[in-house]
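To start, the structure under review is shown below, and the notes come after it.
Here is the naming used below: chain letters follow the sequence lines, and residue numbers restart at 1 for every chain.
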2 protein chains.
Amino acid sequence: MSIRHSLLALLQDRPRYGYQLRTEFQNRTGSSWPLNIGQVYTTLDRLERDGLVQKDGADGEGHIIYRITPAGLDQVRDWFQAPVGRANPPRNELAIKLALALTLPAVDVGGLIQAQRAVSIRALQEYTKSRRDAAANPRPADLAKLLVLDSLIFQTEAEVRWLDLCEARLMQLAGPA
Amino acid sequence: MSIRHSLLALLQDRPRYGYQLRTEFQNRTGSSWPLNIGQVYTTLDRLERDGLVQKDGADGEGHIIYRITPAGLDQVRDWFQAPVGRANPPRNELAIKLALALTLPAVDVGGLIQAQRAVSIRALQEYTKSRRDAAANPRPADLAKLLVLDSLIFQTEAEVRWLDLCEARLMQLAGPA
DNA sequence: ACAGCCATGTAACTTGTTACATGATTTT
DNA sequence: AAAATCATGTAACAAGTTACATGGCTGT
């Protein structure tokens with residue numbers, strides 16, 4: 001549902017065309033989460049089908065402009081107003097994988113943890129580097145990019161610390177036996 | 001892809017039937033991420049279509065047993081061997097929402113942050129409580145549940161700290177103006 | 001001339017999700 | 001007798017993703 005709502009949010013600001021929506025989305029969220037251009041058009045079709053946007057003639061340059069409808073405005077308002085639900089948090093593939101690895105024989109949990117930590121730490125370094133490159137820029141669009149990077153950094157740090165904990169627990173279990 | 005692989009991993013341990021796969025999955029991952037029973041059957045159909053599992057007669061009690069195939073074993077091995085990729089990390093709805101809110105007028109970013117933090121902190125308390133209830137149990141299945149809860153706790157803590165950071169940056173931006 | 005970006009789309013597909021139907025067995 | 005759980009499925013759908021086709025325009 002993120003893409004639907006993101007496009008609606010951008011259209012709430014002002015009417016825009018497909019290709020533009022993609023670049024604007026990426027400008028605001030940084031280069032993480034690239035957005036396939038094909039998906040913009042399919043999503044716009046579905047938003048139009050659902051009466052949340054409508055085509056709005058051209059803009060003098062041949063672009064196909066979409067405009068948000070009142071129903072669409074309602075949905076954007078609801079989206080921004082409602083906190084992201086912790087009711088069914090999105091499945092965490094890493095946690096699932098480790099939980100299964102721990103309860104099934106024939107899986108090298110220690111190796112899994114170490115391989116994962118190597119990947120996560122490398123990602124962390126790349127995020128930190130990107131953040132340094134992007135920093136010291138007070139424009140609001142760049143502030144958003146910085147915060148997205150901060151989010152990735154925080155999440156990845158938490159992941160590394162969790163992997164450390166898993167390893168410690170594993171040793172604790174193997175030790176006394 | 002998590003569910004496909006999870007079912008395969010459980011079948012790699014030994015042949016099982018649909019309903020059993022669901023309960024085993026939930027036993028191992030805790031009550032977070034409930035698994036709809038319908039999805040187990042559709043996923044099994046698709047795994048069979050792809051030649052990764054096959055029906056294996058009954059077990060004397062009328063259950064429809066599935067057995068993993070060599071191709072399926074390969075996939076499980078690959079899944080456990082390959083770290084969870086940071087190449088295209090799953091979209092973080094909260095980060096996207098805040099990034100858009102910051103770069104668009106007509107959104108009350110401060111309120112959004114506060115509402116979100118309230119939700120996240122409540123979730124954190126619930127996870128911590130569940131963790132306390134589940135703790136002090138050395139059986140491996142419960143160790144897995146504990147670690148899943150730890151993962152949720154770490155992620156949510158990171159989220160709260162990120163929200164704090166966002167708020168601070170926002171004030172910093174509003175202050176000097 | 002060629003590469004690359006701008007721009008719009010379509011077709012086919014995947015995973016995941018829900019709602020519904022059906023019946024047996026077990027528990028209260 | 002009623003409710004809950006066990007057990008298997010189907011139909012319909014949503015959201016996301018990729019691959020492909022098409023054409024104009026721009027810079028080298």
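A continuous path of Ile, Leu, Val, Met, Phe, Trp and Tyr side chains, each step under 4.5 Å between heavy atoms, connects A:Leu124 with A:Leu147, placing both in one hydrophobic cluster.
Checked against B:Leu47 for a side-chain contact (heavy atoms from CB on, under 4.5 Å), the options B:Thr42, B:Thr69, B:Ile68, B:Leu8 give a single hit: B:Leu8.
Using a 4.0 Å heavy-atom distance criterion, A:Thr43 is classed as making no nucleic acid contact.
Each of B:Gly38 and A:Asp50 has a nearest nucleotide on DNA chain D; the 5'-most of these lies closest to B:Gly38. Position along DNA chain C of the nearest nucleotide to A:Arg46 versus A:Gln20 favours A:Gln20 as the more 5'-ward residue. Between B:Thr42 and B:Ile37, the residue anchored closer to the 5' end of DNA chain D is B:Ile37, taking for each the nucleotide with the nearest heavy atom.
At least one side-chain heavy atom of B:Trp33 sits under 4.5 Å from a side-chain heavy atom of B:Val148.
Listed nucleotides D:dT8, D:dA15, C:dT10 differ in distance to A:Tyr41; the shortest reach to its side chain belongs to C:dT10. Side-chain atoms of A:Asn36 lie closest to D:dT18 of the nucleotides D:dT18, C:dT15, C:dT18. Of the candidates D:dT18, D:dC6, C:dG16, C:dG16 carries the atom nearest the B:Ile3 side chain, counting heavy atoms from C-beta on. When distances are taken from the side chain of B:Gln39 to each of C:dG16, D:dT8, D:dG16, the shortest belongs to C:dG16.
An OP1 or OP2 oxygen of D:dT8 is reached within less than 4.0 angstrom by no side-chain nitrogen or oxygen of B:His63. Between A:Arg16 and C:dA7 there is no side-chain polar atom (N or O) within less than 4.0 angstrom of OP1 or OP2. Residue B:Arg22 places no side-chain N or O under 4.0 Å from the OP1 or OP2 atom of D:dT5. A close approach under 4.0 Å does occur between a side-chain nitrogen or oxygen of A:Tyr17 and OP1 or OP2 of C:dA7.
In this structure, the CZ atom of B:Arg4 is 12 Å from the C1' atom of C:dG16, given to the nearest Å. Rounded to whole Å, atom P of D:dA14 lies 11 Å from atom CE of A:Met1. B:Leu35 has its CG atom 9 Å from the P atom of C:dT17, to the nearest Å. Whole-Å rounding puts the A:Leu21 CG to C:dC6 C1' distance at 14 Å. Rounding to whole angstrom units, CD1 of residue B:Ile64 and C1' of D:dT10 are separated by 14 Å. As a whole-Å value, the separation of A:Trp33 CH2 from D:dA15 P is 20 Å. Atom P of nucleotide C:dC5 and atom CD of A:Gln26 are separated by 13 Å, given to the nearest angstrom. Rounded to whole Å, the distance from NE2 on B:His5 to C1' on C:dT15 is 12 Å.
Of all heavy-atom pairs between B:Tyr17 and B:Ile64, the closest is CB-O, 3.2 Å.
Relative to the six-membered ring of A:Phe154, B:Arg161 meets both conditions, a distance below 6.0 Å and an angle of at most 45° to the axis.
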